[in-house]
Chemist: 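Have a look at this one.
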Amino acid sequence: QVRLVESGGGLVQAGDSLRLSCAASGRTIGAGSMAWFRRAPGKEREFVAAISRNSASISYADSVKGRFTISRDNAKNTVYLQMNSLKPEDTAVYYCAATTAFTIMTMSTAYGYWGQGTQVTVSS
């Protein structure tokens with residue numbers, strides 16, 4: 001079993017930055033892609049960013065492109081999400097997800113492992 005634990009969320013002001021981390025333990029997920037999703041109050045969970053095992057393939061949602069950067073350190077079994085120029089509409093619970101598949105995917109149903117989420121709140 002794979003356990004994912006997110007950290008780094010918090011309350012910030014618009015324009016600030018945050019860095020989320022997701023540490024994986026248990027069965028290695030080094031062979032698979034990882035992603036970040038988020039769920040804002042009253043909205044469905046949405047894709048934010050995904051990264052392949054070797055970091056060669058990366059995908060971002062249009063809403064975060066140019067502001068967020070996903071990266072991973074396979075030696076530490078950790079994936080990161082650097083969030084810059086945060087906006088109030090970025091307020092959400094952010095979830096880390098992992099899959100054993102090599103290719104990156106944007107659909108949440110493609111990911112079999114999920115963290116418990118970390119709250120990000122951006123005030124205007």
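Positions are given from 1 along the sequence. Worth saying up front: this structure is predicted, and the values here are computed from it rather than measured.
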Chemist: Within the side chain of S33, is there an N or O that forms a donor-acceptor pair under 3.5 Å with the backbone of T103?
Modeler: yes
Chemist: Are I58 and Y80 joined in one hydrophobic group, where the rule is that I, L, V, M, F, W and Y side chains link up if heavy atoms are under 4.5 Å apart?
Modeler: no
Chemist: Cut-off 3.5 Å, no hydrogens considered: what does the side-chain donor-acceptor table look like for residues 86-94, sequence neighbours left out?
Modeler:
residue, atom, partner, partner atom, Å
D90, OD1, R38, NH1, 2.9
D90, OD1, R67, NH2, 3.0
D90, OD2, R67, NH1, 2.7
D90, OD2, R67, NH2, 3.4
D90, OD2, K87, N, 2.8
T91, OG1, P88, O, 2.9
T91, OG1, V122, N, 2.9
T91, OG1, V122, O, 3.4
Y94, OH, R38, NH1, 2.9
Y94, OH, D90, O, 2.6

Chemist: What pairs of residues pass the disulfide bond (SG atoms under 2.5 Å apart) test when at least one of them lies in residues 52-124, not counting sequence neighbours?
Modeler: C22-C96
Chemist: State, to 0.1 Å, how close M34 and V79 come at their nearest heavy-atom pair, and which atoms those are.
Modeler: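 So the minimum-distance heavy-atom pair works out to CE-CG1, 3.6 Å.
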Chemist: Are any side-chain N or O atoms of T118 and backbone N or O atoms of G9, one a donor and one an acceptor, separated by less than 3.5 Å?
Modeler: yes
Chemist: Identify the two heavy atoms, one from V48 and one from V64, that lie closest to each other, and give their separation to 0.1 Å.
Modeler: O-CG2, 3.6 Å
Chemist: Which pair of heavy atoms, one from G32 and one from R72, lies closest together, and at what distance?
Modeler: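 Minimum heavy-atom separation between G32 and R72: O-NH1, 2.8 Å.
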Chemist: Write out all pairs satisfying side-chain hydrogen bond (donor to acceptor under 3.5 Å, both in side chains) with one or both partners inside residues 12-24, taking only residues at least two apart or from two chains.
Modeler: S17-N84
Chemist: Do S7 and L20 come within less than 4.5 Å of each other through their side chains, counting heavy atoms only?
Modeler: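 Side-chain contact under 4.5 Å: no.
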Chemist: Can you name the residues that form a salt bridge (Lys or Arg N to Asp or Glu O under 4.0 Å) with K65, not counting sequence neighbours?
Modeler: D62
Chemist: May I have all residue pairs that pass ring pair (Phe, Tyr, Trp, His ring centres under 6.0 Å) and include part of residues 32-53, sequence neighbours excluded?
Modeler: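 Only F37-F47, F37-Y111, F37-W114 qualify under ring pair (Phe, Tyr, Trp, His ring centres under 6.0 Å).
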Chemist: Backbone N or O of I70 within a donor-acceptor pair of the Y60 side chain at under 3.5 Å?
Modeler: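 The answer is yes, because a donor-acceptor pair under 3.5 Å joins these two groups.
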Chemist: Calculate, to the nearest 0.5 Å, the distance between atoms OG and CD1 belonging to S57 and I51 respectively.
Modeler: 9.0 Å
Chemist: Would you please test L81 and F68 for side-chain contact (heavy atoms from CB on, under 4.5 Å) and show each step?
Modeler: CA-CA 7 Å; L81 186 67; F68 290 11; 4.2 Å; yes
Chemist: When hydrophobic residues are tied together by side-chain contacts of less than 4.5 Å, even through go-betweens, does M105 share a cluster with Y113?
Modeler: no
Chemist: Does any non-hydrogen side-chain atom of V120 lie less than 4.5 Å from one of L18?
Modeler: yes
Chemist: Holding to side-chain hydrogen bond (donor to acceptor under 3.5 Å, both in side chains), I want the full list of residues that pass it with T121, two or more places apart in sequence or in another chain.
Modeler: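 For T121, the residues satisfying side-chain hydrogen bond (donor to acceptor under 3.5 Å, both in side chains) (neighbours in sequence not counted) are Q119.
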Chemist: Can any side-chain N or O of E6 pair as donor or acceptor with the backbone N or O of G117 at less than 3.5 Å?
Modeler: yes
